[in-house]
Amino acid sequence: MSDGAALAGPDGVPRCPWALSTPDYVAYHDEEWGRPVHGDDALFERLSLEAFQSGLSWITILRRRPGFRTAFAGFEIAAVAEFTGTDRERLLADTGIIRNRAKIDATLANARVLAGWAPGDLDALIWSHAPDPAARPAPKTLADVPAVTPESTALSKALKKRGLRFVGPTTAYALMQACGLVDDHLENCAARRG
């Protein structure tokens, strides 16, 4: 049984324990999670998927990500902002995504809000909340990884103030982890950047 510290996978490489349950997780952990993501559309996708993940396992979202990308026009903000009521009904019937009415409505509403922002504004706003990496010790175990931080709470408030929905502090922190604003790979994890 693990104490939450990095564990050697089948290939002998030490990883965060959550990454070892499926090959999908191993690839996501090694190639994506915690790596810096920039660009408004790319960040809109991550923000939307984190919102859809709320209350569910991330593997559920990860395995449906191709379906989400197809259903939401590659998460291109300008395209999603133009979705109509017919598109909404199509999404509610799409078995390739999570058919949660509130989350679909929030994604569509967020796209409409973001379509009114200047290019680069979403990227700048999100990254302005990245904490100083030197001020954060590397987590040794999963118990050292928070679910919410002062920075994620501030990011959540900033996004909500600008009109975005389904962006609570926990969702904001998951976004920060996934997009590399923080490096929560465990201290002995091979994927840790520092």
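Everything numeric in this text was worked out from a predicted model, so none of it was measured. When a residue number appears, it is its place in the shown sequence, counting from 1. Below, all heavy atoms of this structure are taken into account, side chains as well, without hydrogens, waters or symmetry copies.
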Q: Might you point out which heavy atoms bring V113 and W117 nearest each other, and give the distance in Å?
A: O-CD1, 3.2 Å
Q: Just by distance, with hydrogens left out, do Y25 and D30 show a side-chain donor and acceptor under 3.5 Å apart?
A: no
Q: At what distance, to the nearest 0.5 angstrom, does CG of L186 lie from CZ of R192?
A: 8.5 Å
Q: For L108 versus L91, what's the shortest heavy-atom pair and its separation?
A: CD2-CD1, 4.0 Å
Q: Counting N and O atoms only, with roles assigned by atom type, does the side chain of T141 sit under 3.5 Å from a partner on the main chain of A5, one being a donor and the other an acceptor?
A: no
Q: Compare every heavy atom of K103 with every heavy atom of Q53, then report the nearest pair and how far apart it is.
A: C-NZ, 4.4 Å
Q: Do you know which two heavy atoms are closest between A71 and D94, and how far apart they sit?
A: CB-OD2, 3.4 Å
Q: Say you draw a straight line from SG of C189 to NZ of K140; how long is it, rounded to the nearest 0.5 Å?
A: 14.0 Å
Q: Kindly compute the distance separating OG (S152) from CD (Q177), expressed to the nearest 0.5 Å.
A: 9.0 Å
Q: In this structure, which one of I98, L175, T107, I61 forms a side-chain contact (heavy atoms from CB on, under 4.5 Å) with L49?
A: I61
Q: Looking only at heavy atoms, which two atoms of A190 and V13 are closest? And how far apart?
A: CB-CG1, 3.4 Å
Q: Under the ring-ring contact (aromatic ring centres under 6.0 Å, His included) rule, what do W58 and W33 come out as? Steps first, then yes or no, please.
A: CA-CA 12 Å; W58 177 246; W33 193 74; over 10 Å; no
Q: What's the shortest heavy-atom distance between I77 and D40, and which atoms?
A: CD1-O, 3.7 Å
Q: Measure the spacing between CZ of R90 and CD1 of I104 and express it to the nearest 0.5 Å.
A: 9.5 Å
Q: Can you tell me which residue among I126, D41, V37 is in a side-chain contact (heavy atoms from CB on, under 4.5 Å) with R46?
A: V37
Q: Roughly how far, to the nearest 0.5 Å, is NE2 of H185 from NE2 of H29?
A: 4.5 Å
